[in-house]
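Just so it is clear, the model here is predicted, and its values are computed rather than measured. Residue numbers start from 1 in every chain, and the chains themselves are labelled A, B, ... in the order their sequence lines are given, proteins ahead of strands. We use all heavy atoms of the structure for the numbers below, so side chains are in, but hydrogens, waters and symmetry mates are not.
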2 protein chains.
Amino acid sequence: MVTIYDIAKKANVSAMTVSRVINKSEKISEITRKKVEAVIKELNYIPNNSARNLITKKTKILSLMITDIGNPFFTSVARGAEDKAMQMGYQLLLCNSDENFEKESKYMDMLISTGSDGVLIAPANDNSKKNMKKLTKHGIPFVLIDRRIPDIDCDQVLSDNEATTRRLIEHLIKQGHRKIAIINGPLVVSTARERQQSYIDTLKIHGISVNNDLIKESHFRDSDVTNSIQELLNLPESERPTAIFATNNFIGMNTMKILYRHNIKVPEEIAVVSYDVPNYTENESILTVAEQQAYNFGYIGIQLLIERIEGAAPEKARKIVLPSEIHLRASSLNQRD
Amino acid sequence: MVTIYDIAKKANVSAMTVSRVINKSEKISEITRKKVEAVIKELNYIPNNSARNLITKKTKILSLMITDIGNPFFTSVARGAEDKAMQMGYQLLLCNSDENFEKESKYMDMLISTGSDGVLIAPANDNSKKNMKKLTKHGIPFVLIDRRIPDIDCDQVLSDNEATTRRLIEHLIKQGHRKIAIINGPLVVSTARERQQSYIDTLKIHGISVNNDLIKESHFRDSDVTNSIQELLNLPESERPTAIFATNNFIGMNTMKILYRHNIKVPEEIAVVSYDVPNYTENESILTVAEQQAYNFGYIGIQLLIERIEGAAPEKARKIVLPSEIHLRASSLNQRD
DNA sequence: TATATTTTTGTTATCGATACCATATTTGAA
DNA sequence: TTCAAATATGGTATCGATAACAAAAATATA
């Protein structure tokens, strides 16, 4: 392996001078710079970051902790994060918690060990608080995206869950629905709680009583909604929902599939609205969705993180709320409209 | 920061002994092990990998170079890679080349600098050969996935492009099509070449002459097929294709969308077959696709890579070809069948 | 009991870069 | 021309771990 000493020797300068050239220090004469750069190129020298990190305590590596890279939502987050990180000269370590606190913890140790300069994290659930504390103890800055954690005060990029859910539910109400079900993720996740709360509040505001039989808890990943939907369909006619609100893309997607299998017409028999289902296939989607700014969660998140790392951020934690865009489509629109 | 010396001091042993405990060396008495482990836990000690890497020359970091994390195909690859890497105690550095050789090269320097133990790479195109040579020069093992590179002999996990394309085209021929168009990615990518060659060979075998007007070159990413399709539609009736073969998911997806916009009925007016379009939305897809084992590209790829890194691989390069599965659906099936 | 053998622990040098301070060289002003 | 100031370069210690060898302690053997 070519080291800084090999370069120094061949260029007839000290290692320190080579280091200065590499780090673009200005206190170098044009002549020596050229000379050194020539040798660097000739020998194909690439600095050893382990050595550099050891002394500088900086790795230029950020960790991206998401719950599921298989989820198109997080794929967009990753895209945004990667774009910004690359642009700023940082590399990205991919961590996939699978919505699982233990796996997240294991990654946490690895990324601390590796010396991540910072972490962009969509926490698995409220337990992740422990992991945030650990980061703080190790002096590693982090930015929370998508999901907040109670009592953790830090830079955040979040979605406007309250407002978006309200608009979604009010849309259903306007379409004449009174029996609206929600199929949600686990309530240990802040987004699930916020969406459910907004769902409840909105119903109440509009004088609709909340029926607990219409509230189903599933998973954001491996979301098998078969049972939830079966239970909804088994309700007596008077209670049976005429609309379903799915709180994430997989739940929405699977809801549509199961309804289809049951031969239930959407929206005639049951209307559906969902969060974030991507339109990856052939025709235009028929599903009404609230589309979050996934890409910006990653992009802006990394920006905040780097500002924090490089000391360019204000002391006070920043909280950025990105609005979602609602696409009204056939799955929730009455024919007569 | 807590170092190995802090632990040593507090546990009343030498740093070397602590190191042995961390690395699970057996030459440690049960008593001292317990003692040291207690202190490690008490002080929340996590070893500094930069220091460790500097001397061991191993980082336990692998790089995953893909062309687009936004592409569901590569998302699955990443999922498989992540699963296996985590299982084997490695971390994954995410590199996104955007089908761009320069960006790939930039990442290459970064990952060499970081000290990646190995690289799993879907190369941008044939130019990537230079980058492979660079890796070799730096003694970093790599495994090629999805795309091969001329004259590069290394472990590979590839798709059976020849056979799969043939089956796809023969299916179309069996459905009565003689005028079959192909909308392909750039021919500097091996998969594009192989699929096109197989398309041509299959037509010839079946006595169908190849019409160059039916061969369109687009992009695997940001694939705007508007022009290609417009040109196909502008062909005189006698030449106009009755079927289109899309060589990747984005091309397939966009082809369907554009045809839909042109109000062209699929499959009645034009049949469509494609590679890899995921079924991420509401209903069952109507698109006939060849589904590659994307997950296994990542999973097996990482496995081969780690075997190679850890010296558990045979000298000779291994080439693993994973068959694709064809899902016949409405987009290519005649009504009468 | 004395010695050989095995097991456990410690000492020192080292990995490849940069920090910090010292020195040499150049430039500018008097 | 001379000396001060500014600029450019170098020497040495250091980051935190492990390698390689050395020594001490425990155990086995005669």
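Checking C:dA17, C:dT14, C:dT9 against every side-chain atom of B:Ile55, the shortest atom distance belongs to C:dT14. Closest approach to the A:Arg20 side chain among C:dC20, C:dT9, C:dA17 is made by C:dC20 (side chain taken as heavy atoms from C-beta onward).
A:Ile31 places its CD1 atom 14 Å from the P atom of C:dT25, with the value rounded to the nearest Å. A straight line from NZ of A:Lys27 to P of C:dT25 spans 18 Å, rounded to a whole angstrom. Rounding to whole angstrom units, CG of residue B:Asn48 and C1' of C:dA17 are separated by 13 Å. One can place CG of A:Asn23 at 14 Å from P of C:dC20, the figure rounded to the nearest angstrom.
Rounded to 10°, the angle separating the first-five-pair axis and the last-five-pair axis of the helix from C:dT1-D:dA30 to C:dA30-D:dT1 equals 40°.
Heavy atoms of B:Asn49 sit nowhere under 4.0 angstrom from any nucleic acid atom. Counting any heavy atom pair closer than 4.0 Å across all strands shown, B:Ser50 reaches no nucleic acid atom.
A side-chain hydrogen bond (donor to acceptor under 3.5 Å, both in side chains) with B:Tyr299 holds for exactly one of B:Gln87, B:Glu82, B:Arg79; it is B:Gln87.
Checking B:Ser113 against A:Asn49 by side-chain atom types alone, a donor-acceptor pair falls below 3.5 Å.
Mapping heavy-atom proximity under 4.0 Å, the span of DNA chain D touched by chain B runs 5' to 3' from D:dG16 to D:dA20.
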Please list, for nucleotides 26-28 of chain C, all pairs of protein and nucleotide N/O atoms separated by less than 3.5 Å.
none

